[in-house]
Amino acid sequence: MHDQNFFEKVWWVAGQIPYGRVTSYGAIASFLSAGSAARMVGWAMNASHTSRIQIPAHRVVNRSGMLTGKHHFGHPDLMQQLLENEGISVVNDRIVDFKRLFWNPADHLVFPF
DNA sequence: TGATTGACCAACT
DNA sequence: CAGTTGGCCAATC
């Protein structure tokens, strides 16, 4: 069915983020469609727990590399722990060397519809 | 049906 | 540099 929900599109992109890399809400939004609202990506992450597949929501942060969604994980520091498990350093709720670890969907993906 | 709300962002002051 | 503003648009009330 070519009429997938917005959430499912976001979840698909989020699922493509490689281990040890991160991206931003806005990057996903602009990849899905240039005018799409980054806020909606946040909504999709908020609802990502309802997906049947597991979504690496911890690999999605805001444009400055800050863990703005940390409070939506079970424990306030769970998001940081998940990132550190992948070798990503987090200091003061911000990803260290975010610019280098940033993974832009538009540079690696071709939206399949 | 209309108003409000966001895990956001860019532009502006 | 910090703070404000408008835009974005699906979900929720």
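Throughout, a chain's letter reflects where its sequence line sits, starting with A, and its residues are numbered from 1. Reckoned from all heavy atoms, side chains included, excluding hydrogens, waters and symmetry mates.
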Euclidean distance, atom NZ of residue A:Lys9 to atom C1' of C:dA10 [Å, nearest integer]: 12 Å

Separation of B:dA7 P from A:Leu83 CG (nearest whole Å): 18 Å

For atom CG of A:Leu32 and atom P of C:dC9, their distance in whole Å: 12 Å

Interatomic distance where CG belongs to A:Asn46 and P belongs to C:dA10 [whole Å]: 16 Å

Between P of C:dA10 and CZ of A:Phe6, the distance in whole Å: 8 Å

Ring geometry between A:Phe7 and A:Trp11 (parallel below 30°, tilted from 30 to 60°, perpendicular above 60°): tilted

Between B:dA7 (P) and A:His72 (NE2): distance, integer Å: 4 Å

Flag if over 12 foreign heavy atoms under 6.0 Å of CZ, A:Arg94: no

Check: A:Ser48 main-chain N/O paired with A:Ser51 side-chain donor or acceptor under 3.5 Å: no

Length of the line joining A:His49:NE2 and B:dA7:P, which is rounded to integer Å: 12 Å

Donor-acceptor under 3.5 Å (A:Asp77 side chain, A:Gln80 main chain): no

Atom pairs, protein N/O to nucleotides 9-13 of chain B N/O, distance under 3.5 Å:
{"from": "B:dC9", "atom 1": "OP1", "to": "A:Gly26", "atom 2": "N", "distance (Å)": "3.3"}
{"from": "B:dC9", "atom 1": "OP1", "to": "A:Arg63", "atom 2": "N", "distance (Å)": "3.1"}
{"from": "B:dC9", "atom 1": "OP2", "to": "A:Arg63", "atom 2": "N", "distance (Å)": "2.8"}

Exam field: side chain A:Arg63 to backbone A:Ser24, donor-acceptor pair closer than 3.5 Å: no

Determine all donor-acceptor pairs shorter than 3.5 Å in which one atom belongs to a side chain in residues 53-61 of chain A; sequence neighbours excluded.
{"from": "A:His58", "atom 1": "NE2", "to": "A:Glu86", "atom 2": "OE2", "distance (Å)": "2.9"}
{"from": "A:Arg59", "atom 1": "NE", "to": "A:Glu86", "atom 2": "OE1", "distance (Å)": "3.1"}
{"from": "A:Arg59", "atom 1": "NE", "to": "A:Glu86", "atom 2": "OE2", "distance (Å)": "3.1"}
{"from": "A:Arg59", "atom 1": "NH1", "to": "A:Ile17", "atom 2": "O", "distance (Å)": "2.9"}
{"from": "A:Arg59", "atom 1": "NH2", "to": "A:Glu86", "atom 2": "OE2", "distance (Å)": "2.9"}

Sugar-phosphate, base or nothing in reach of A:Ala57, heavy atoms under 4.0 Å: base

